[in-house]
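Single-structure report; data block below.
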Amino acid sequence: MKIGILNRPDIEELATRPFKEKTALISITDYDDEYAELEFKPEYLFQIKFDDVDNDIFLDLQGKALPEEKHKDIAIKYHIITDEQAKEIADFIMNIKDKAEFIICQCEHGQSRSAAVAAAITEYLYNDGIKIFSSDDYFPNKVVYRKIYEYLK
């Protein structure tokens, strides 16, 4: 299975014509934004909304960890990926992994959330998610990666 990472403008351009058969799309949008505009939809589509919030949001100005009681407030304020959302993404992946030949992971900029999802899938299927983390093209969101990978293993 091939796994691709795209940003919003690229997926919207790609969706102006039919997708190849057996294509899956995991489309991530900011919490308060509309989903990517897809004139044509792939055979398998999963759309979800959460913000691009990584571990550094849980640090104070000196880089020290904030107390645990503040984590929930931050997660709600910034609409961080929830465990339920991570499980939904993992369930979608498990349901299409033997059906799809190509999975496109897409978020606003195609660098953080979508890269994290692609890394989790790549690690789960091929034990090679590190290649996405080590690429200069991507900055995978570690919170998104960790939560999704936990439900895939």
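Heavy-atom basis, side chains included; hydrogens, waters and symmetry copies ignored. We count residues from 1, following the sequence as given.
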To the nearest 0.5 Å, what is the distance between [atom1] ([X]) and [atom2] ([Y])?
X      : Y     : atom1 : atom2 : answer
Phe50  : His79 : CZ    : NE2   : 13.0 Å
Leu14  : Thr23 : CG    : OG1   : 8.0 Å
Ile28  : Ile81 : CD1   : CD1   : 7.0 Å
Thr16  : Ile11 : OG1   : CD1   : 10.0 Å
Ile48  : Ile26 : CD1   : CD1   : 9.5 Å
Ser114 : Leu6  : OG    : CG    : 8.0 Å

Partner set under side chain to side chain donor-acceptor pair (under 3.5 Å) for [X], not counting sequence neighbours:
X      : answer
Asn127 : none
Lys2   : none
Glu150 : Lys153

State which residues pass ring pair (Phe, Tyr, Trp, His ring centres under 6.0 Å) with [X]; sequence neighbours excluded, sorted by chain then number.
X      : answer
Tyr35  : none
Tyr145 : Phe133, Tyr149
Phe46  : Phe92

Return the set of residues passing side chain to side chain contact (heavy atoms under 4.5 Å, CB included) with Tyr126 (not counting sequence neighbours), or none when no residue passes. Met1, Ile3, Thr122, Asp128
Are Phe102 and Met94 linked, directly or through intermediate hydrophobic residues, by side-chain heavy-atom contacts shorter than 4.5 Å (ILVMFWY only)? no
May I have the step-by-step check of side-chain contact (heavy atoms from CB on, under 4.5 Å) for Ile89 and Val144, ending in yes or no? CA-CA 10 Å; Ile89 294 169; Val144 172; 5.8 Å; no
Are Val117 and Ile103 packed together at the side-chain level, in the sense that at least one heavy-atom pair is separated by less than 4.5 angstrom? no
Decide yes or no for Leu25 and Leu38: does some side-chain heavy atom of the first lie under 4.5 Å from some side-chain heavy atom of the second? yes
Side-chain atoms of residues 104-112: list all donor-acceptor pairs with protein atoms under 3.5 Å, sequence neighbours left out, distances to 0.1 Å.
residue: Gln106; atom: OE1; partner: Ser27; partner atom: OG; Å: 2.4
residue: Glu108; atom: OE1; partner: Arg8; partner atom: NE; Å: 2.9
residue: Glu108; atom: OE2; partner: Arg8; partner atom: NE; Å: 3.3
residue: Glu108; atom: OE2; partner: Arg8; partner atom: NH2; Å: 3.0
residue: Ser112; atom: OG; partner: Asp52; partner atom: OD1; Å: 2.8
residue: Ser112; atom: OG; partner: Asp52; partner atom: OD2; Å: 3.1
residue: Ser112; atom: OG; partner: Phe139; partner atom: O; Å: 3.4

I need the full list of salt bridge (Lys or Arg N to Asp or Glu O under 4.0 Å) pairs touching residues 20-32, with sequence neighbours left out, sorted by first then second residue.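 Sorted result for residues 20-32: Lys22-Glu101, Asp30-Arg113.
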Which pairs count as salt bridge (Lys or Arg N to Asp or Glu O under 4.0 Å) when at least one residue sits in residues 88-100, sequence neighbours excluded? Lys87-Asp91
ILVMFWY clustering at 4.5 Å (side-chain atoms), partners of Ile132: Ile5, Tyr138
Looking at every non-hydrogen atom in both residues, tell me the closest pair between [X] and [Y] and how far apart they are.
X      : Y      : result
Leu45  : Lys41  : CD2-CD, 3.9 Å
Ala36  : Thr29  : N-OG1, 4.0 Å
Tyr124 : Leu152 : CE1-O, 2.8 Å

Which of these, Asn141, Val53, Asp51, sits in a side-chain contact (heavy atoms from CB on, under 4.5 Å) with Ile80?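 Only match with Ile80 under side-chain contact (heavy atoms from CB on, under 4.5 Å): Val53.
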Residues which pass salt bridge (charged side-chain N to carboxylate O under 4.0 Å, His left out) with Glu39, listed by chain and number, not counting sequence neighbours: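 Partners of Glu39 by the salt bridge (charged side-chain N to carboxylate O under 4.0 Å, His left out) criterion come out as none, since no residue qualifies.
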